[in-house]
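Comments concern the structure below.
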Protein chains: 2
Amino acid sequence: MAKIISTSCIVCQNRSDIFNSLGPEELEAVNCQRISVHYNAGEVIFKQGTPCYYFVCITSGLVKLYLENENSHNIIIGLARPVDYIFMPGAYVNYRHQFTAVACEDTTACLIESDIWHDLIKTNPNFANDFIRKMSLQSIELIDKISSITQKQVFGRMADVLIYLSKNIYFQDSFTLTLSRQDLADFSGMTKESAIRAMKKFKEDQIISLKGNNIEILNPFLLETISKNG
Amino acid sequence: MAKIISTSCIVCQNRSDIFNSLGPEELEAVNCQRISVHYNAGEVIFKQGTPCYYFVCITSGLVKLYLENENSHNIIIGLARPVDYIFMPGAYVNYRHQFTAVACEDTTACLIESDIWHDLIKTNPNFANDFIRKMSLQSIELIDKISSITQKQVFGRMADVLIYLSKNIYFQDSFTLTLSRQDLADFSGMTKESAIRAMKKFKEDQIISLKGNNIEILNPFLLETISKNG
DNA sequence: AATATTTATTGATCCATATCAATAGAAACA
DNA sequence: TGTTTCTATTGATATGGATCAATAAATATT
């Protein structure tokens with residue numbers, strides 16, 4: 001890891017939207033102390049339980065955020081993509097990471113000290129407002145995840161995951177997965193075997209086409225129906 | 001419902017902690033337009049999917065927050081008590097309630113217009129900071145709920161619920177439940193029958209004493225172990 | 001107090017999904 | 001190019017917890 005790249009935040013094309021409310025001096029202050037890092041696929045960005053000193057802004061790649069458990073399987077509670085940063089509820093509570101972040105693809109990120117972040121929130125109401133909006137969105141995603149996992153069976157849950165991937169990660173009905181089957185399982189709260197069987201059923205029913213990691217949603221309407229009916 | 005009571009926010013003993021960072025004028029502004037309401041046990045405070053115009057600050061009683069689902073059972077994602085307010089992630093996103101709030105006991109609450117709330121966040125950085133901290137805590141609770149429900153079996157989940165009730169709601173090892181068995185089930189993501197059987201097992205194993213709605217945690221250490229081991 | 005209604009409890013059965021096991025395919029490596 | 005290693009797939013079996021059904025207890029109603 002740790003191949004440092006650099007441009008300025010002010011001209012950065014992959015800058016997180018959260019920084020749009022900052023003025024040039026504020027952006028420069030962020031730029032001055034930011035650390036740009038490259039992670040290879042599979043590398044840990046941070047571990048659940050460790051102290052959190054930095055906000056992680058993803059500039060390229062894909063990151064999975066998951067809850068670890070000694071006895072049981074992991075559960076992916078979210079994915080982070082450019083142009084976004086990883087939400088960090090511990091930054092305002094116990095200064096610990098609530099989950100582990102791992103790069104699914106080769107990923108570049110900028111680390112921003114949480115002190116600066118806190119200062120910006122105190123001094124720039126628009127930044128604070130945007131930050132609250134992002135936290136709210138994250139809360140809603142968590143609520144949606146609870147709803148999906150507790151109120152739906154395997155097909156409904158897998159439908160939710162495929163819809164989420166196409167709408168929020170790949171922005172297309174057709175995409176090449178960089179998540180493993182195990183990841184899909186962890187994301188939909190089931191075992192790898194169940195995930196594979198659910199996908200196989202969708203393929204048989206012509207709802208998706210599936211060749212290795214190439215997925216195309218052929219019948220989004222039916223997938224939506226399966227999601228709704230659980 | 002709607003038995004209006006009144007005192008001033010400035011002298012209120014049941015004022016939510018979130019208002020501690022407000023000055024007298026700000027408190028007075030809140031006081032001027034607040035609406036105090038009484039809800040009987042069982043009454044709906046707001047429904048999932050409806051617009052959210054008010055923050056609800058609980059001054060007495062107990063409120064359950066749950067996700068509704070036509071096909072499936074409800075799932076309680078949290079409880080709200082005095083001195084607290086109900087978090088409302090929709091207030092910054094789609095202006096809709098993400099869940100339903102129902103009074104479990106006779107409950108009084110003050111409704112505060114979200115406009116005023118938004119103004120305070122923009123103008124008072126300490127208020128914004130406290131608000132972000134509260135949202136962060138809520139996110140962590142949601143993450144804990146996901147962890148509990150997906151990574152533990154019935155006994156672990158029920159242990160989590162009992163620990164939560166004693167530590168965060170009743171503040172004692174011994175308490176009289178105002179939640180029904182169905183509520184306990186909805187809170188731990190299982191059926192009423194499974195909830196009753198789990199409690200029965202804990203009673204047989206002398207981990208709790210259970211007479212109707214009177215619960216005492218006799219062996220908190222063992223309960224904690226069950227929670228950890230799932 | 002007697003009756004109706006809701007909530008709680010217990011037992012029997014069933015089913016969705018996990019677990020286990022075996023194989024196949026893909027990627028890494030020597 | 002064969003060997004190892006990891007990931008994916010498929011089938012067989014096991015099981016945790018849901019569902020169904022039948023009281024019992026508590027609460028509300030007349």
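The shown structure was predicted, so the numbers you read here are calculated from the model rather than taken from an experiment. Numbers restart at 1 for each chain; the letters A, B, ... are given by sequence-line order, proteins then strands.
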Without decimals, in angstroms, what is the distance between [X] [atom1] and [N] [atom2]?
| X | N | atom1 | atom2 | answer |
| --- | --- | --- | --- | --- |
| B:Leu184 | C:dT7 | CG | P | 14 Å |
| A:Met199 | D:dT9 | CE | P | 7 Å |
| B:Glu204 | C:dT9 | CD | P | 13 Å |
| A:Gln182 | D:dT9 | CD | P | 12 Å |
| A:Ile196 | D:dC6 | CD1 | C1' | 13 Å |
| A:Asp186 | D:dA8 | CG | P | 11 Å |
| B:Lys203 | C:dT9 | NZ | P | 8 Å |
| A:Lys211 | C:dA26 | NZ | P | 14 Å |

Legend entry - is_close_aromatic(B:Phe46, B:Tyr54), centroid dist under 6.0 Å: no
Between [X] and [N], is there a contact of a side-chain N or O with OP1 or OP2 at under 4.0 Å?
| X | N | value |
| --- | --- | --- |
| A:Ser180 | D:dT7 | no |
| A:Arg181 | D:dT9 | yes |
| A:Arg157 | C:dT17 | yes |
| A:Lys200 | D:dT10 | yes |
| A:Ser194 | C:dA18 | yes |

Inset, instruction - Ignoring hydrogens and angles, tell me if any N or O in the side chain of A:Asp205 forms a donor-acceptor pair with the backbone of A:Ile207 under 3.5 Å. - result: no
Inset, instruction - Would you mind telling me which of B:Phe131, B:Phe55, B:Phe99 makes a ring pair (Phe, Tyr, Trp, His ring centres under 6.0 Å) with B:Phe87? - result: B:Phe99
Any donor-acceptor pair under 3.5 Å between the side chain of [X] and the base of [N]?
| X | N | value |
| --- | --- | --- |
| A:Gln153 | C:dC15 | no |
| B:Arg197 | D:dG16 | no |
| A:Glu193 | C:dC20 | yes |

Inset, instruction - Identify, between A:Lys152 and B:Lys192, the residue whose nearest nucleotide on DNA chain C lies closer to the 5' end. - result: B:Lys192
Legend entry - Note: B:Lys47-B:Glu68 ion pair, threshold 4.0 Å (strictly below): yes
Legend entry - End axis versus end axis in the helix from C:dA1-D:dT30 to C:dA30-D:dT1, the angle rounded to 10°, five pairs used at each terminus: 40°
Inset, instruction - Go through the steps for B:Phe202 and B:Ile226 under the test side-chain contact (heavy atoms from CB on, under 4.5 Å), then give the verdict. - result: CA-CA 10 Å; B:Phe202 288 164; B:Ile226 291 168; 3.8 Å; yes
Inset, instruction - Check each of B:Val56, B:Thr59, B:Ile18 against B:Tyr85 using the side-chain contact (heavy atoms from CB on, under 4.5 Å) test, and report the only one that passes. - result: B:Ile18
Legend entry - Chi angles and distances behind the salt bridge (charged side-chain N to carboxylate O under 4.0 Å, His left out) call for A:Asp17, A:Lys134: CA-CA 10 Å; A:Asp17 289 339; A:Lys134 159 77 176 175; over 6 Å; no
